[in-house]
Amino acid sequence: MAKRDHQQTVESTGHMRVSANFGRRFALTSDDTPEHAVQARTSGKRLRPVTGDRVLAHTLEGESDWLITRILDRDNELVRPDARGRPEVLAANIERIAVVACPSPAADFFIVDRYLAAAQLMGVPAIVVWNKSELGDAPEDALAYRHIGYTLIETSAKNRSGIDTLHAALADKRSIFVGQSGVGKSSLINALCGDERQRTADISHGSDEGKHTTVAAQLIVTTSGIALIDSPGVRDYAPSIQDVAHVGDGFIEIARAAQLCKFANCRHRAEPGCAVKTGVEDGEIQQRRYTSFLRLAQLTRQLNEGRY
């Protein structure tokens, strides 16, 4: 029997968006009907879509899966180094990053800084969300983000405190929730959606570290039209930065002060005439943020030299 012409097997085709990525399996939605997802696979191993990607895909006669044939150009990528130091894309076409921290598990503000640096380097606005506020007010390290220029929203997914404020802050852009495991990203999305859209888990009592509940980044559109990407929790994170000289660009206050340094290639460590060091000494730049910058610069140097 003669093989059918490929065109005869195509039932429908169109521009779709990846709403979930499960390794070699994907969920696709259209921007017109985000509530309806279809399952998909790729046409080859070289295609590696991530959540948020715009793709070309079509159905095939006799198959329930759609076939992804092309990834359209990305506006941006949220990237981290993989185990070998190579860039790994976590999500694409992001319009805002919401970094979530909380009292339990204890907030690691160095991780918060690194996500904020990633957003700054991507040219994407970011906000900081202090969740589980019923357990304690935001500490000074969290409040300091307001002084830098970031929006800080205190929320409680448990009693819905601050949810309306967060809802308003997320209204106009496709946002990704990032942060440590157990900080309540999925619970916040449930609160914003008004239902239990994302599975949640309790804190591990043995380690005070959050359990990994979200296993893959998933794009959810609420009934009010807010597009949210829930990402798996992390125990560590670093942006993938190709040149250590650009690390300072990820810290708003350091990048601003660096313009006044005596030398254009100042590393802000022990160079004479360093406006960043002066800012730290004068209290205009928080010492912890400066330490965070130094740590990320050192890690970036190690990653780029293959010693991580």
Side-chain angles (χ1 to χ4, degrees), residues 18-23 27 50-52 77-83 87-92 94 96-119 122 124 126-136 138-139 141-142 145 152-158 162-163 166 170 174-193 196-220 227-240 292 295-296 299:
V18 177
S19 58
N21 172 8
F22 304 100
V50 298
T51 300
E77 302 172 335
L78 179 61
V79 181
R80 69 178 178 190
D82 66 12
E88 176 186 6
V89 182
L90 303 177
I94 298 162
R96 181 191 291 105
I97 294 179
V99 190
V100 185
C102 69
S104 178
D108 185 335
F109 290 103
F110 293 107
I111 291 179
V112 174
D113 289 341
R114 292 177 182 185
Y115 276 119
L116 293 177
M122 290 168 62
V124 172
I127 64 173
V128 179
V129 181
W130 181 255
N131 194 31
K132 304 186 185 180
S133 60
E134 76 277 3
L135 300 179
D141 278 337
Y145 291 117
L152 172 69
I153 301 175
E154 298 186 50
T155 62
S156 171
K158 185 174 183 178
I163 297 301
L166 181 60
L170 300 175
R174 185 181 305 104
S175 304
I176 184 169
F177 279 56
V178 297
Q180 296 165 252
S181 302
V183 296
K185 298 185 298 297
S186 297
S187 296
L188 283 172
I189 289 178
N190 288 341
L192 289 164
C193 290
E196 294 295 314
R197 295 284 289 272
Q198 295 294 79
R199 187 167 57 88
T200 59
D202 294 330
I203 298 298
S204 170
H205 295 293
S207 64
D208 194 38
E209 292 182 341
K211 295 179 180 178
H212 291 274
T213 305
T214 303
V215 296
Q218 299 180 56
L219 173 63
I220 299 164
L228 308 169
I229 297 177
D230 189 10
S231 68
V234 300
R235 291 187 174 89
D236 198 4
Y237 170 78
S240 181
S292 186
R295 287 188 181 185
L296 183 54
L299 177 59

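As the structure is a prediction and not an experimental result, all values here were calculated from the model.
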Is a donor on one side and an acceptor on the other found under 3.5 Å between the side chain of W130 and the backbone of G136?
-> yes
Any donor and acceptor pair, going by atom type alone, linking the side chain of K185 with main-chain N or O of Q180 inside 3.5 Å?
-> yes
I would like to know whether V129 and V100 meet side chain to side chain contact (heavy atoms under 4.5 Å, CB included); could you show each step before the answer?
-> CA-CA 5 Å; V129 181; V100 185; 4.2 Å; yes
Any side-chain heavy-atom pair from [X] and [Y] closer than 4.5 angstrom?
{"X": "P239", "Y": "R114", "value": "yes"}
{"X": "I220", "Y": "C193", "value": "yes"}
{"X": "I176", "Y": "L90", "value": "no"}
{"X": "L192", "Y": "L228", "value": "yes"}
{"X": "I153", "Y": "V128", "value": "no"}
{"X": "F177", "Y": "V99", "value": "no"}
{"X": "L219", "Y": "R174", "value": "yes"}
{"X": "V112", "Y": "Y145", "value": "yes"}

Closest contact, heavy atoms only, [X] versus [Y]:
{"X": "I94", "Y": "L78", "answer": "CD1-CB, 3.6 Å"}
{"X": "L296", "Y": "A238", "answer": "CD1-CB, 4.5 Å"}
{"X": "T51", "Y": "A217", "answer": "OG1-O, 2.7 Å"}
{"X": "C102", "Y": "K132", "answer": "SG-CD, 3.8 Å"}
{"X": "A20", "Y": "F22", "answer": "CB-CE1, 3.4 Å"}
{"X": "L166", "Y": "L188", "answer": "CD2-CD2, 4.2 Å"}

Taking atom [atom1] of [X] and atom [atom2] of [Y], what is their separation to the nearest 0.5 Å?
{"X": "N190", "Y": "D230", "atom1": "CG", "atom2": "CG", "answer": "8.5 Å"}
{"X": "E88", "Y": "E77", "atom1": "CD", "atom2": "CD", "answer": "11.5 Å"}
{"X": "R235", "Y": "D108", "atom1": "CZ", "atom2": "CG", "answer": "12.5 Å"}
{"X": "S175", "Y": "I97", "atom1": "OG", "atom2": "CD1", "answer": "9.5 Å"}

Are D113 and R295 within salt-bridge range, i.e. N to O under 4.0 Å?
-> no
Basic-acidic side-chain contact under 4.0 Å: K158, E134 | no
I would like to know whether Q218 and S19 meet side chain to side chain contact (heavy atoms under 4.5 Å, CB included); could you show each step before the answer?
-> CA-CA 6 Å; Q218 299 180 56; S19 58; over 6 Å; no
Among all residues two or more places apart in sequence or in another chain, which pass the side chain to side chain donor-acceptor pair (under 3.5 Å) test with Y115?
-> none
